[in-house]
Amino acid sequence: MITMKYNFNEIEAKWQKYWKENGTFHAENDSEKPKYYVLDMFPYPSGAGLHVGHPLGYIASDIYARYKRHQGFNVLHPQGYDSFGLPAEQYAIQTGQHPAITTKTNIARYREQLDKIGFSFDWSREVRTSDPAYYKWTQWIFIELFNSWYNVETDKAAHIDTLVAKFETEGNANVNAVCDDDIAIFAAADWTQYDAKTKQEILLKYRLTYLAETEVNWCPALGTVLANDEIVNGVSERGGHPVVRKKMTQWSMRISAYAQRLLDGLNTIDWPQPLKDSQTNWIGRSQGAMVTFKVDGHDANIDVFTTRPDTIYGVSFMTLAPEHDLVQKITTADQKEAVEAYRDATSKRSERERMADVKTISGVFTGAYALHPFTGEKVQIWIGDYVLASYGTGAVMAVPCGDQRDYDFAKHFGLDIPNIFEGVDISEEAYGEKEGVKIANSDFLNGLTYKKAMKTVIYELEKRGFGKGKINYRLRDAVFSRQRYWGEPFPVYYVNGMPQMIDVKHLPIALPEVEKYLPTETGEPPLGNAEVWAWDTNTNTVVDNKHCHSELDAESTDNGIYPLELNTMPGWAGSSWYFFRYMEKALRDEHFASQEALDYWENVDLYIGGSEHATGHLLYARFWTKFLKDRGFVGVEEPFKKLINQGMILGTSAFVFRIDGTNKFISKNILDTINEKVNNGENLSEQEHSLFENWTPISGKSLPVQSIHADVALVSSADTLDIEGFKNWRSDFKDAEFICEEDGTFKVAREVEKMSKSKYNVVNPDEICEAYGADSLRLFEMFLGPLEQAKPWNTAGITGVFSFLKKLWKLYIADEGPRVTETEPTKDNLKTLHKTIKKVQYDIENFSFNTSVSTFMICVNELSVQKCTSREILEPLTILISPYAPHIAEELWFRLGNEGSIATAKFPVFEERHLVESSKEYPVSFNGKMRFKKELPLDLSKEEIEKIILEDERTEAQLNGKTPKKVIVVPGKIINIVG
RNA sequence: GCUCGAGUGGCGGAAUUGGUAGACGCGCUGGAUUCAAAAUCCAGUUCUUUCGGGAGUGUGGGUUCGAUUCCCACCUCGAGUACCA
């Protein structure tokens with residue numbers, strides 16, 4: 001039976017069931033409609049479940065997706081799970097529970113929570129990165145990267161076969177590729193004579209994913225390497241563990257090949273500026289020159305990168321990073337000891353220490369000299385830890401007059417500071433500015449400005465063979481191996497230490513079972529524990545390790561069974577292409593996505609997610625997309641056309657105060673009163689004093705209390721603590737005493753902090769849905785403020801949107817039954833409706849969802865006052881509100897007698913004519929301050945308005961007898977009188 | 001240090017091209033209804049005031065008939081980044 005009350009639980013369950021059963025939000029890949037792709041950054045399903053901060057972005061994107069459906073678009077709005085990751089593995093290490101099981105449980109919980117909020121997701125396209133059917137194609141992309149090289153001539157990636165063809169016909173001398181630095185030149189004839197292993201070794205230096213011994217960020221506590229973006233302030237992003245430098249053989253991704261395109265692409269996409277800025281900084285393009293200095297008395301060169309080759313005549317010494325390869329070779333005998341000691345000391349210092357300590361100047365002279373390319377003068381070669389091995393060539397030409405770090409170094413060690421700037425005082429500090437000065441004491445550069453000097457010196461460097469113009473990037477190749485269990489296995493086995501790819505038709509290579517999720521005793525990654533983890537090239541299956549052909553044992557015959565890779569892929573592998581996977585609906589085993597699907601959906605039109613992925617996921621996803629485009633697998637250069645960052649929802653923590661050394665808790669207001677008295681030097685009452693035995697009040701010193709987080713579930717919106725609940729919450733509070741306010745309540749203090757389990761300030765969306773309904777939750781999350789802004793969660797305000805929904809309901813349905821009639825709408829009715837259409841449409845298109853909610857409230861308030869019952873008004877209103885509060889909209893739409901879902905009902909069209917007015921209540925200002933208002937017809941001329949206003953008695957009162965200097969009349973807007 | 005963003009009532013916030021500052025909601029105050037409570041409804045709520053008015057969007061200055069909005073300097077908070085040659 002149909003009730004007349006707004007029974008949100010019933011309504012929401014009913015429509016969620018309807019949507020599911022009818023596949024209301026399933027997108028079609030062949031449609032006459034224009035496409036629109038709305039995507040959320042998919043969640044990692046953690047054990048804690050969703051809190052109210054998570055759905056914020058999902059609600060916003062859902063509103064947009066639903067709006068686009070009303071506008072006649074075929075909308076793809078999918079969802080899935082980034083389900084490989086460290087927390088499940090850590091949990092497995094602690095409990096022995098298989099990560100696949102915990103992940104599955106967590107996903108089920110997430111799904112249940114998401115379903116309750118009424119999102120219009122197309123779940124038929126769900127992806128899970130840990131699903132073998134999904135990571136089959138992650139493995140495939142890896143293989144394609146392995147089978148590719150970057151051709152600088154065409155500025156594209158190409159199949160490795162095209163490179164081999166070049167080697168076979170012309171060698172590598174004329175190959176312009178992005179590759180390793182240490183490439184030896186060979187001719188076509190050489191190539192054909194190389195054995196298979198040598199060829200493989202050479203090709204590895206060109207491949208877009210390659211195996212190389214690299215210096216990595218090793219995190220001993222996590223037992224794995226970390227990428228640069230996974231380290232924050234020298235410690236691991238997850239867990240805050242120390243990170244040290246270590247040399248390891250690792251898979252790397254040659255993302256550096258794409259540095260310039262990643263930079264250029266930013267101009268073509270609609271992303272928030274701060275996000276673009278951080279990618280720009282991360283890529284770190286700088287333009288300058290590569291200059292070669294000869295080492296005196298050695299057959300060795302030092303290459304340096306400099307952005308200021310124009311200051312080359314200011315070079316008075318050189319500094320190498322302590323780790324620089326040449327150091328050992330060139331150090332003289334009498335400096336050997338000092339240099340060794342310094343190198344030893346720096347290698348022991350952690351990254352963190354080196355970063356924290358930027359003030360101490362340290363370094364050692366190697367005893368060797370370099371020759372200045374232009375003057376031939378001898379300059380000392382030093383080592384110093386202010387030079388980073390990982391940037392440029394790990395060496396600098398020091399120009400102390402133009403660079404503050406070189407200047408400080410020179411001052412500290414008493415080195416020369418030659419001045420090459422015309423009329424600049426460098427007795428106190430270096431002159432770092434580029435503009436506004438001319439070069440002096442620099443031979444052919446004398447008298448030139450920065451720009452001209454740059455051109456001239458690069459020309460000369462190139463002409464005389466001392467160097468060349470170069471663009472350098474800070475962006476490093478990304479390490480792609482992780483020493484973890486819960487990640488994608490590599491489709492790789494090793495023959496004679498050389499990596500071999502498994503053919504795509506044998507994928508996926510599924511994650512093996514292991515006894516323990518920790519590294520092995522010999523320090524191998526967790527997959528080293530797997531017993532069935534060898535590749536049989538005869539049967540193309542994974543087989544028991546005991547059959548493995550051992551390379552160490554010369555006696556054994558090669559049986560075609562080889563060890564598989566023990567590392568797994570990093571978290572960003574699966575998330576770098578998942579947006580393409582959603583496009584494919586049916587034949588997911590045959591391709592990562594079909595050509596037709598890719599052609600139809602192209603890329604994501606709107607992407608919503610957090611800004612914390614700026615230099616991780618969002619950069620890698622752009623990289624893989626460009627690569628897939630180059631190789632013709634997808635048609636787009638950028639994955640996400642428009643991106644919006646949603647702000648974080650913060651928790652409002654509650655604190656109780658415990659008097660030190662006791663189990664007595666003191667209510668906040670009492671504590672504040674006493675603190676104030678102490679600060680003002682007032683005497684405390686005997687009772688107050690007795691609370692703090694053995695404590696002498698000193699002004700300015702706060703009372704000896706400890707603040708403790710109380711669970712926000714135990715605190716009312718008026719900051720009152722549920723004392724009984726608190727006592728039962730933790731056993732050590734069982735016998736606690738409470739010093740309460742006069743009215744007998746116990747008050748807590750509030751503070752805004754990040755929402756987290758450990759701060760006991762987490763609020764779950766389920767609780768809200770249960771108490772007020774999903775529509776209330778959706779409206780309230782939007783109502784909190786602008787989407788991109790961080791904002792504190794305060795449940796108190798939810799009653800506002802909840803009563804709004806009840807009011808909305810009552811507009812349609814009275815206690816006695818439906819009130820909608822076929823009456824003609826009044827002028828006021830139409831005006832209210834159309835100004836609402838105009839505003840809501842503007843707001844959605846500008847992602848200003850908070851103001852729409854206000855607009856709905858105003859609209860319903862006005863229609864209630866107008867006692868509007870007209871279907872012509874109320875029916876379009878349900879569509880307007882449906883993106884925000886879809887359940888109530890569906891139900892009202894249904895009760896208005898419509899068939900089926902409201903989801904694709906046409907969005908009402910705004911008509912200006914309903915807003916046209918014949919008169920305006922003009923604000924009348926004096927010197928810019930509004931003093932009174934006057935209703936005037938809109939068709940009056942400026943002169944007429946001026947005349948009427950000047951005759952108004954209130955004007956005379958304001959002017960107080962004076963004649964106005966000027967009268968400004970803006971018809972339809974304002975009148976301003978200048979006195 | 002550098003880059004970016006933000007400062008408006010007790011609180012969240014609004015003000016679309018420079019044109020009525022504080023919309024809308026919370027909270028609070030008073031009233032109606034109720035045995036009572038919840039719920040609901042009505043009125044008020046930036047500060048100040050001698051009830052005429054006056055002041056007011058972080059601070060100081062500028063442009064303008066008119067500035068929360070534009071310009072300059074400064075202060076505070078937040079985010080990112082950090083010896084990048």
Side-chain angles (χ1 to χ4, degrees), chain A residues 232-234 272-278 280-282 284-286 288 304-308 311 319 321 354-359 361 384-388 390-399 402-406 408-409 472-475 611-612 614-615 645 647-648 652 717-718 750 779-780 783-786 788-804 806-807 810 838-839 842-843 846 848 850-858 861 921-933 957 964-970 972-979:
Chain A
V232 178
N233 295 328
Q273 197 55 42
L275 197 57
K276 288 188 182 182
D277 289 347
S278 64
T280 305
N281 294 336
W282 192 260
R285 181 188 201 267
S286 45
V304 296
F305 175 73
T306 173
T307 53
R308 297 295 304 273
T311 63
T319 316
R354 258 174 93 164
M355 272 165 60
D357 179 23
V358 294
K359 292 229 169 66
I361 296 163
D385 70 359
Y386 79 97
V387 177
L388 303 175
S390 57
Y391 183 75
T393 59
V396 301
M397 57 173 226
V399 183
D403 182 289
Q404 195 58 43
R405 289 155 308 172
D406 295 343
D408 295 340
F409 195 85
N472 200 48
Y473 299 93
R474 199 185 74 126
L475 183 71
S611 56
E612 66 272 21
T615 52
N645 288 131
M648 205 193 309
T652 312
S717 60
R750 294 285 201 169
L779 282 173
F780 186 54
F783 193 53
L784 283 174
E788 0 26 286
Q789 241 168 60
K791 51 216 157 227
W793 178 265
N794 185 356
T795 312
I798 198 159
T799 54
V801 292
F802 182 54
S803 41
F804 158 73
K806 284 190 287 190
K807 249 189 213 172
K810 274 196 238 163
K838 187 184 181 187
K839 174 80 175 133
Y842 178 89
D843 284 346
N846 291 280
S848 172
N850 54 327
T851 49
S852 282
V853 182
S854 311
T855 304
F856 289 131
M857 288 172 170
I858 294 167
N861 286 345
E921 194 182 28
Y922 278 95
V924 183
S925 298
F926 290 80
N927 297 319
K929 284 260 169 219
M930 203 279 290
R931 294 306 175 198
F932 64 86
K933 290 176 191 171
K965 282 182 192 150
K966 205 174 178 183
V967 179
I968 312 282
V969 176
V970 185
K973 287 247 163 143
I974 198 171
I975 297 154
N976 191 19
I977 298 167
V978 189

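Lettering of chains follows the sequences in order, A, B, ..., and the numbering in each one begins at 1.
Across all strands shown, rC74(B) pairs with rG58(B); the Watson-Crick or G-U wobble distances both stay below 3.5 Å. Searching all strands for a Watson-Crick or G-U wobble partner of rU63(B) with both distances below 3.5 Å returns nothing.
Proximity note for D277(A) (side chain, C-beta onward) versus rA82(B), rC83(B), rU3(B): the nearest is rU3(B).
Residues satisfying the salt bridge (charged side-chain N to carboxylate O under 4.0 Å, His left out) criterion with K806(A), sequence neighbours excluded, are absent altogether. Partners of D403(A) under the salt bridge (charged side-chain N to carboxylate O under 4.0 Å, His left out) rule, at least two apart in sequence or in another chain, are R405(A). Evaluation of the side chain to side chain donor-acceptor pair (under 3.5 Å) rule for N281(A) yields no partner, not counting sequence neighbours. Every residue was checked against the salt bridge (charged side-chain N to carboxylate O under 4.0 Å, His left out) condition with R474(A), not counting sequence neighbours, and none meets it. In this structure F780(A) satisfies the ring pair (Phe, Tyr, Trp, His ring centres under 6.0 Å) test together with W793(A), sequence neighbours excluded. With sequence neighbours left out, the side chain to side chain donor-acceptor pair (under 3.5 Å) criterion links N976(A) to no other residue. Partners of P792(A) under the side-chain contact (heavy atoms from CB on, under 4.5 Å) rule, at least two apart in sequence or in another chain, are T652(A), V752(A). Taking F804(A) as the reference, nothing meets the ring pair (Phe, Tyr, Trp, His ring centres under 6.0 Å) condition, with sequence neighbours excluded. Scored by the ring pair (Phe, Tyr, Trp, His ring centres under 6.0 Å) test, F802(A) finds F8(A), Y772(A) as partners (sequence neighbours excluded).
rG54(B) has its base anti relative to the sugar, with a glycosidic angle deviating from 0 by more than 90°. Glycosidic conformation of rG53(B): anti, with the torsion beyond 90° of 0.
Across the P atoms, rG13(B) and rA73(B) are found 29 Å apart, a figure rounded to whole Å.
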*Using a 4.0 Å heavy-atom cut-off, write out nucleotides 38-54 of chain B from 5' to 3' as B (base contacted by protein), S (sugar-phosphate only) or - (no contact).*
-SSS------------S
_I'd like to compare against my own output: the B/S/- annotation of nucleotides 9-14 of chain B with a strict under-4.0 Å heavy-atom distance to protein._
---BSS
Each nucleotide N or O in nucleotides 63-67 of chain B that has a protein N or O under 3.5 Å away: list the pair and distance.
{"from": "rC65(B)", "atom 1": "O2'", "to": "N976(A)", "atom 2": "ND2", "distance (Å)": "3.2"}
{"from": "rC65(B)", "atom 1": "O2", "to": "N976(A)", "atom 2": "ND2", "distance (Å)": "2.8"}
{"from": "rG66(B)", "atom 1": "O4'", "to": "N976(A)", "atom 2": "ND2", "distance (Å)": "3.4"}

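N846(A) comes within contact range of no nucleotide atom at all, as no heavy-atom separation falls under 4.0 Å.
Between the N794(A) side chain and the A796(A) main chain, a donor and an acceptor come within less than 3.5 Å of each other.
Of the side-chain N and O atoms in R405(A), one or more sit less than 4.0 angstrom from OP1 or OP2 of rC84(B).
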